[in-house]
2 protein chains.
Amino acid sequence: MTVSIENFVKTIYNQSRLAVVDTRISTLARLLNITNAAATDMARKLATKKLINYTKYKPLTLTSTGNHLALNVIRKHRLWESFLYKTLNLSLHEIHKEAENLEHFTSDFLADKIEKYLGFPTTDPHGDPIPVLNKEVEIDHAQILLSDANAGFEYEISRLFSSEKDFFDFCSSNQISVGSTIWVEKQFNANKMTEIIINQNKILLNEDFTNIIYVKQLN
Amino acid sequence: MTVSIENFVKTIYNQSRLAVVDTRISTLARLLNITNAAATDMARKLATKKLINYTKYKPLTLTSTGNHLALNVIRKHRLWESFLYKTLNLSLHEIHKEAENLEHFTSDFLADKIEKYLGFPTTDPHGDPIPVLNKEVEIDHAQILLSDANAGFEYEISRLFSSEKDFFDFCSSNQISVGSTIWVEKQFNANKMTEIIINQNKILLNEDFTNIIYVKQLN
DNA sequence: TTAAATAATTAAGCTTACTTAAATATTTAA
DNA sequence: TTAAATATTTAAGTAAGCTTAATTATTTAA
């Protein structure tokens, strides 16, 4: 499989796991930085390879083979992130950028070695689950979006689901990291903002951020 | 730079460092598993990019830019080998195979981090020197080929210069590794074979092997 | 409910890195 | 020293993964 194909199925997979599923040609094209025409071409090609289900003008879905391929790439991505984070102490954004390249040039053999070295971790440093070969990724039901958290409760940050440098820079300058404890002060439902207190500091987050921060209620 | 270009200049570099320099089109084509026609094409292209000096029908040489590129790729290769060897305990051949892919998708930033993690090593687990950015690789004059060693002396193995699985399998099953001590029993000059004693075992090596094993005389 | 906006598709073309086949140059050996 | 062998180059063509431009389908908003 080529890098283009791996990135295409990986993007479909990621888009199909969002709260608002969006696997339209134009969305994939935008995320992959290619034209709609190129995305349509690729869709037709991957359909003949039985990696995706494709009906003209309809959103794309992965076949079970395509799903398997996507999970294999994502597994390697998250194992690399974990490995580089542990050994070289890179930042959350740095590990993502490097893993984005390495994921396509990693043998199953090497991925297994890394997995073993790390002690078979279940999540990467962003809190993203690391797929286990031939197993569907399970949803952690104890975990909810910060935008859905209730005011007046304490939560632990469990996942920072992003690949944007700006977001990670914001997180690190506000001590927002996986494992830290926060107090949800107020949900401004009208303007979709959330006020939290972290280490005595009040922060107001808008939905762009509260929709990618996952938390678990404490006690 | 593409993978094809990086591998092309890397191969020229490696061929130009052999005892018998051979950077002819047909040799490069064979080593890169492409046709002579493709190698000629690439030679013409890289000449316009000022990476190589190319005159029709003549052996290829690297420009200083080409040399720099080759060393950068080789540096990443050997840093990866060292890193995977240390952390994951892979074999000499396994680290080579993985590094062969990873070398092309490693940022300078990541290479620097690995180099620092390893404590700025000067050689990789094969004993191959790790180039330092913007410095020419120095030849270790204390080191000679096993084929040039003198009978009746003790040597330390300092480099196993190969990428062949068969060679590394042979080495590991005969306890030949970088750092081990050997006794050179006899040089059969007529048939280009060398008899050595290692851990009380006599082994007869032919020139294919004694021309890629480097040693340093002890005391 | 239909016109306008948006999205998706098709068609034609480009670049990279190859291929095979044919032509030409260089090297080797009788 | 020249004929044969080998090496290199040139020419034409291919597949992947893109592009732009034009066309067609779908969605949205008046």
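Order of the sequence lines fixes the chain letters, A, B, ..., with proteins taken first and strands second; residue numbering starts at 1 for each chain.
- Residues B/K76 and B/D108 are in side-chain contact: their nearest non-hydrogen atoms beyond the backbone lie under 4.5 Å apart.
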Short heteroatom pairs, N/O only, protein and nucleotides 10-15 of chain C, under 3.5 Å:
from   : atom 1 : to    : atom 2 : distance (Å)
C/dT10 : OP1    : A/K56 : NZ     : 2.7

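- The distance from atom CZ of A/R30 to atom P of C/dT6 is 15 Å, rounded to the nearest whole Å.
- A salt bridge links A/K10 with A/E103: at least one charged nitrogen is closer than 4.0 Å to a carboxylate oxygen.
- Within the 3.5 Å criterion, the main-chain N or O of A/T23 finds no donor-acceptor partner in the side chain of A/T27.
- Note on A/T35: a base of the nucleic acid sits closer than 4.0 angstrom, heavy atoms only.
- Comparing A/A39 and B/T55 against DNA chain D, the residue whose closest nucleotide sits nearer the 5' end is B/T55.
- Of all nucleotides listed (C/dC18, C/dA8, C/dA25), C/dA8 comes nearest to the side chain of A/R24.
- Both the sub-6.0 Å distance and the 45° axial angle are satisfied by B/K186 relative to the ring of B/F188.
- For A/E164, the CD atom is loosely surrounded, since the number of other residues' heavy atoms within 6.0 Å does not exceed 12.
- Figure legend. C/dA30 is base-paired to D/dT1; pairs are counted as Watson-Crick or G-U wobble with both atom distances under 3.5 Å.
- Residue-to-nucleotide proximity on DNA chain D shows that, of A/T2 and A/K58, the 5′-proximal contact is made by A/T2.
- In this structure, CD1 of B/I25 is placed 14 Å from P of C/dT26, rounded to the nearest angstrom.
- Counting non-hydrogen atoms of neighbouring residues, nucleotides and ligands closer than 6.0 angstrom, the OH atom of A/Y155 exceeds 12 such neighbours.
- Proximity of B/S4 to the phosphate of C/dC18: a side-chain N or O atom is located under 4.0 Å from OP1 or OP2.
- If you measure from atom CG of B/L32 to atom P of C/dT19, you get 11 Å, rounded to the nearest angstrom.
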